[in-house]
Amino acid sequence: MAHEPLETALKAVLKEMGLGKASVYLERPRDPSHGDVACNIAMTVSREIGKSSREIAEEIAARLELDTAGIESVEVAGPGFLNFKLSSGTVASVLDQIVTKDRTFGRSTIGEGARVMVEFVSANPTGPLHVGHGRQAALGDAIASLLEWTGWDVHREFYYNDAGTQIDKLAESVRARYLDQTGHDAEIPEGGYHGEYVSKLAEALVKEFGDRFVEDESERAIDHIRKFSVRSLRKEQDRDLSDFGVRFDEYYLESSLYQNGRVSSTLEALRETGLVYEREGATWLETTKFGDQKDRVMVRKNGLPTYFLPDVAYHMHKWARGFQRVINVQGSDHHGTVERVRGGLQALGLPAGYPEYVLHQMVRVVREGKEVKFSKRAGENTTLRELYRDVGVDVTRYFFQMRKPDAQMMFDLGAALDHSDKNPVYKIQYAHARMSSIFAKAQIVPEKIEAGSADLSTLTEDHERQLINQLGSFPDVLERAAENSAPHIVCDYLEQTAGAANAWYHAGNPSRNPDLAVLVDDLTLRSARLILARALQVVLRNGLTVLGIAAPTRMSQAIKDDSA
RNA sequence: GCGCCCGUAGCUCAGUUGGAUAGAGCGCGUGCCUCCGGAGCACGAGGUCACAGGUUCGAAUCCUGUCGGGCGCACCA
């Protein structure tokens with residue numbers, strides 16, 4: 001909570017009382033009857049100085065100079081809380097700030113412009129993106145965006161595993177279908193891919209090259225099929241992501257790590273640490289030295305590296321490119337790799353917690369309580385594209401973002417398809433659009449509403465006061481969400497804000513309570529409320545922007561665009 | 001068996017250095033609603049915070065153990 005005058009006043013009083021070292025922590029109480037700001041300092045120091053916390057609180061309250069701190073009143077409550085009621089001018093002054101800062105309200109400089117990489121999606125080009133990738137795309141993009149809003153220089157990266165055995169399996173699967181379609185017997189290999197898309201790839205191959213690869217079993221031929229398949233699946237993934245509103249600054253190819261020698265040089269560097277040994281024909285790294293559960297194989301008996309080695313090479317290169325902070329967003333089924341990759345990096349001298357991980361759990365798409373898997377295309381999984389085609393991009397993104405990453409989530413299609421205020425996305429967008437509608441009715445251009453153009457101390461209604469406090473906490477919310485890599489905090493906040501906004505709006509229904517309407521006859525009050533309405537709109541819009549979701553000025557438009 | 005994550009209202013989930021009477025949405029109940037834009041608004045019922053101990057002035061939150069669910073434990077990724 002930023003309330004500098006109060007904070008300095010409190011610190012001064014504490015110093016007088018010989019408690020200069022204590023750190024002051026202000027919070028906004030949940031219960032409005034507890035005032036605008038609360039402080040628990042009396043409790044935290046009571047043991048240290050051996051006085052009851054109520055006594056201490058009373059003393060602080062008595063010594064405080066209310067006026068200079070912008071306080072209307074203070075009271076001691078419960079076990080020793082100090083509850084402050086701010087003067088209405090202090091409360092409302094934040095509105096001027098919001099309107100002035102406009103699109104930058106909520107931004108901070110905590111990151112100090114330092115570089116940070118967010119790596120996410122990183123799907124193998126072996127099939128279409130499914131809903132799990134969608135959750136990751138929405139989360140990763142929002143986390144990246146939160147970092148931008150809090151002052152970091154963010155790089156979004158996608159890592160393509162285009163060099164491993166999975167790709168070979170894909171090529172073999174496509175080749176099998178290809179042989180099928182050209183009238184030859186063939187079966188998809190063990191562990192191969194069975195989705196309809198494999199047949200489609202084979203079809204495309206036939207169309208372009210006829211039976212040219214039927215007899216040819218050379219490495220060159222299979223390589224051709226592999227490249228053809230990967231190229232077309234990558235194209236499809238790129239399209240699906242870009243239509244989902246997700247862009248990357250860089251696509252990093254695993255194959256490049258082999259081509260430019262980073263894999264072999266990483267192996268050499270690891271050997272020099274003395275933590276590498278040979279056993280049963282394979283090459284191992286002592287990752288247990290760094291807390292891993294067991295040592296890991298880097299090079300297999302057959303001479304080929306496991307994925308572990310290029311992973312270490314890749315992350316060393318992230319560091320070398322200047323990213324001292326990296327956040328990897330991955331499915332929690334990869335959590336087994338976390339300790340081993342970090343172990344490999346520590347062996348080479350990188351810090352222990354590098355990189356950071358946000359691991360998200362699986363998604364289940366349900367309709368009326370039953371799980372749905374409606375994809376022909378991908379075999380088992382529902383594809384991301386099918387999902388957002390049906391429920392819209394905004395809703396899909398929001399639903400993925402509104403839950404904590406580290407819990408399994410239910411994606412409820414019924415709730416997603418609801419176009420009323422019961423759907424949180426529409427509820428928020430509606431609140432935003434309503435403000436536009438007010439401005440239209442008043443024939444005002446919202447951008448022209450200026451700070452300082454009204455006496456904000458006239459905003460004294462309960463709904464208004466609560467709403468103002470709510471709006472003022474937006475920067476803190478972004479900060480906390482960014483710190484915890486937790487976009488759902490923003491979702492919660494926006495939903496609450498929209499709820500408060502709608503309550504305020506409806507309370508001011510002109511047919512019932514004309515004196516509570518924004519467009520009241522009293523012009524002083526009217527201009528103050530217009531500033532509140534504008535501030536509200538700015539905060540809702542900025543919050544939606546952080547999440548990569550549209551802030552429409554008319555709802556019919558939003559719903560139409562969304563399901564198009 | 002070992003490791004990571006989760007267990008909060010009928011359902012889906014929040015719960016901000018450990019703080020006040022544990023919250024929201026949906027669903028349910030009651031009342032209002034020809035409005036600055038609607039299936040909207042107001043109010044209400046509904047909880048042994050999985051269980052048992054411990055730390056603390058204070059625990060949903062921290063520690064230990066138990067039970068339940070998910071994921072991972074490859075010379076696969």
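Residue numbering restarts at 1 for every chain, and letters A, B, ... go by the order of the sequence lines. Just so it is clear, the values below take in all heavy atoms, side chains as well, and ignore hydrogens, waters and symmetry mates.
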**Student:** With a non-hydrogen cut-off below 4.0 angstrom, is Q166(A) in contact with a base, only sugar-phosphate, or nothing?
**Tutor:** sugar-phosphate
**Student:** Which nucleotide in the list C75(B), G40(B), A20(B) gets nearest to the side chain of K301(A)?
**Tutor:** C75(B)
**Student:** Answer with base, sugar-phosphate or nothing: what part of the nucleic acid does K441(A) contact at a heavy-atom distance below 4.0 Å?
**Tutor:** sugar-phosphate
**Student:** Taking 4.0 angstrom as the limit, do K318(A) and E119(A) come out as a salt bridge?
**Tutor:** yes
**Student:** Evaluate the side-chain proximity of C39(A) to E27(A): yes if any heavy-atom separation is below 4.5 Å, no if none is.
**Tutor:** no
**Student:** In whole angstrom, give me the gap between the P atoms of G23(B) and U16(B).
**Tutor:** 13 Å
**Student:** Quiz question: going by heavy-atom distance under 3.5 Å, is there a donor-acceptor pair between the base of U17(B) and the side chain of N40(A)?
**Tutor:** yes
**Student:** In whole Å, what separates the C1' atom of A50(B) from that of G19(B)?
**Tutor:** 24 Å
**Student:** On the 0 to 90° scale, with breaks at 30° and 60°, tag the Y251(A)-Y160(A) ring pair as parallel, tilted or perpendicular.
**Tutor:** parallel
**Student:** Regarding H335(A), tell me which of base, sugar-phosphate or nothing describes its non-hydrogen contacts under 4.0 Å with the strands shown.
**Tutor:** base
**Student:** With a 4.0 Å cut-off on heavy atoms, is E339(A) in touch with a base, just the backbone sugar-phosphate, or nothing at all?
**Tutor:** nothing
**Student:** Are there more than 12 heavy atoms of other residues, nucleotides or ligands under 6.0 Å from atom CZ of R54(A)?
**Tutor:** yes
**Student:** Looking only at atom C1', what distance separates G69(B) and C32(B), rounded to whole Å?
**Tutor:** 44 Å
**Student:** Using the rule side-chain contact (heavy atoms from CB on, under 4.5 Å), only one of R529(A), H463(A), H506(A) pairs with L516(A); which is it?
**Tutor:** R529(A)
**Student:** Tell me what T306(A) touches on the nucleic acid: a base, only sugar-phosphate, or nothing, going by heavy atoms under 4.0 Å.
**Tutor:** sugar-phosphate
**Student:** Starting at the 5' end of RNA chain B and moving along, which residue's nearest nucleotide shows up first, D492(A) or Q496(A)?
**Tutor:** D492(A)
**Student:** Would you indicate what M409(A) reaches in the nucleic acid, counting non-hydrogen atoms under 4.0 angstrom: base, sugar-phosphate, or nothing?
**Tutor:** sugar-phosphate
**Student:** Does U17(B) have OP1 or OP2 sitting under 4.0 Å from an N or O in the side chain of T44(A)?
**Tutor:** no
**Student:** U16(B) P sits how many Å from L146(A) CG, rounded?
**Tutor:** 18 Å
**Student:** On RNA chain B, check which nucleotide each of E254(A) and H488(A) is closest to and give me the residue with the more 5' one.
**Tutor:** H488(A)
**Student:** Under 4.0 angstrom, heavy atoms only, what part of the nucleic acid is A433(A) near: base, sugar-phosphate, or nothing?
**Tutor:** base
**Student:** Rounded to whole angstroms, how far apart are CD on E27(A) and P on U17(B)?
**Tutor:** 9 Å
**Student:** Please work out if A77(A) contacts a base, only the sugar-phosphate, or nothing of the nucleic acid, heavy-atom cut-off 4.0 Å.
**Tutor:** base
**Student:** Say we look at G37(B) and G25(B): how far apart would their P atoms be, to the nearest angstrom?
**Tutor:** 24 Å
**Student:** Across the strands shown, which category fits A38(A) at heavy-atom distances under 4.0 angstrom: base, sugar-phosphate, nothing?
**Tutor:** base
**Student:** Expressed as a whole number of Å, how far does the C1' atom of G15(B) sit from that of C49(B)?
**Tutor:** 11 Å
**Student:** Would you please determine if the base of A20(B) is stacked by F81(A), with stacking meaning a centroid separation under 5.5 angstrom and planes under 30 degrees?
**Tutor:** yes
**Student:** Measure NE2/H506(A) against P/A42(B) and give the value in whole Å, please.
**Tutor:** 8 Å
**Student:** CG of L532(A) versus P of C36(B): gap in Å, rounded?
**Tutor:** 19 Å
**Student:** Going by salt bridge (charged side-chain N to carboxylate O under 4.0 Å, His left out), E278(A) matches just one of R300(A), K301(A), R271(A). Which one?
**Tutor:** R271(A)
**Student:** Please report, rounded to the nearest Å, how far the P atom of C26(B) is from the CG atom of L413(A).
**Tutor:** 19 Å
**Student:** Should the pair W284(A) and Y277(A) be assigned to parallel (<30°), tilted (30 to 60°) or perpendicular (>60°) ring geometry?
**Tutor:** parallel
**Student:** What's the gap between C33(B) and A39(B) when it is taken at their P atoms, as a whole Å value?
**Tutor:** 15 Å
**Student:** If only atom types and distance count, is the side chain of T306(A) paired as donor or acceptor with the main-chain N or O of V297(A) below 3.5 Å?
**Tutor:** yes
**Student:** Which part of the nucleic acid, if any, lies within reach of Y505(A) when heavy atoms closer than 4.0 Å are counted: base, sugar-phosphate only, or nothing?
**Tutor:** base
**Student:** Answer yes or no: side-chain N or O of H334(A) and base N or O of G72(B) forming a donor-acceptor pair under 3.5 Å.
**Tutor:** no
**Student:** Do Q361(A) side-chain and C6(B) base share a donor-acceptor contact under 3.5 Å?
**Tutor:** no
**Student:** Would Y357(A) and H334(A) count as a close aromatic pair, with their ring centres under 6.0 Å?
**Tutor:** no
**Student:** Assign N83(A) to base, sugar-phosphate, or nothing according to its heavy-atom contacts below 4.0 angstrom with the strands shown.
**Tutor:** base
**Student:** Looking across every strand, which nucleic acid part, if any, lies under 4.0 Å from D311(A) by heavy atom: base, sugar-phosphate, or nothing?
**Tutor:** nothing
**Student:** Is the shortest side-chain N to carboxylate O distance from R279(A) to E286(A) below 4.0 Å?
**Tutor:** no
**Student:** Please determine if a side-chain N or O atom of H34(A) lies less than 4.0 Å away from the OP1 or OP2 oxygen of U21(B).
**Tutor:** no
**Student:** Which residues, if any, of residues 287-295 of chain A bring a heavy atom under 4.0 Å of RNA chain B?
**Tutor:** Q293(A), K294(A)
**Student:** Round to the nearest Å and state the distance from D406(A) atom CG to G72(B) atom P.
**Tutor:** 17 Å
**Student:** Verify the contact: side-chain N or O of K404(A) to OP1 or OP2 of G15(B), cut-off strictly under 4.0 Å; return yes or no.
**Tutor:** yes
**Student:** I'd like to know if the side chain of Y398(A) reaches the main chain of C491(A), judged simply by a donor and an acceptor atom lying under 3.5 Å from each other, with no hydrogens or angles considered.
**Tutor:** yes
**Student:** Looking only at atom C1', what distance separates G72(B) and U56(B), rounded to whole Å?
**Tutor:** 36 Å
**Student:** Rounded to whole angstrom units, what separation is found between the CZ atom of R403(A) and the P atom of G7(B)?
**Tutor:** 13 Å
**Student:** When you compare G70(B) with C13(B), how far apart are their P atoms, in angstrom units rounded to a whole number?
**Tutor:** 15 Å
**Student:** Expressed as a whole number of angstroms, how long is the span from K422(A):NZ to C28(B):P?
**Tutor:** 8 Å
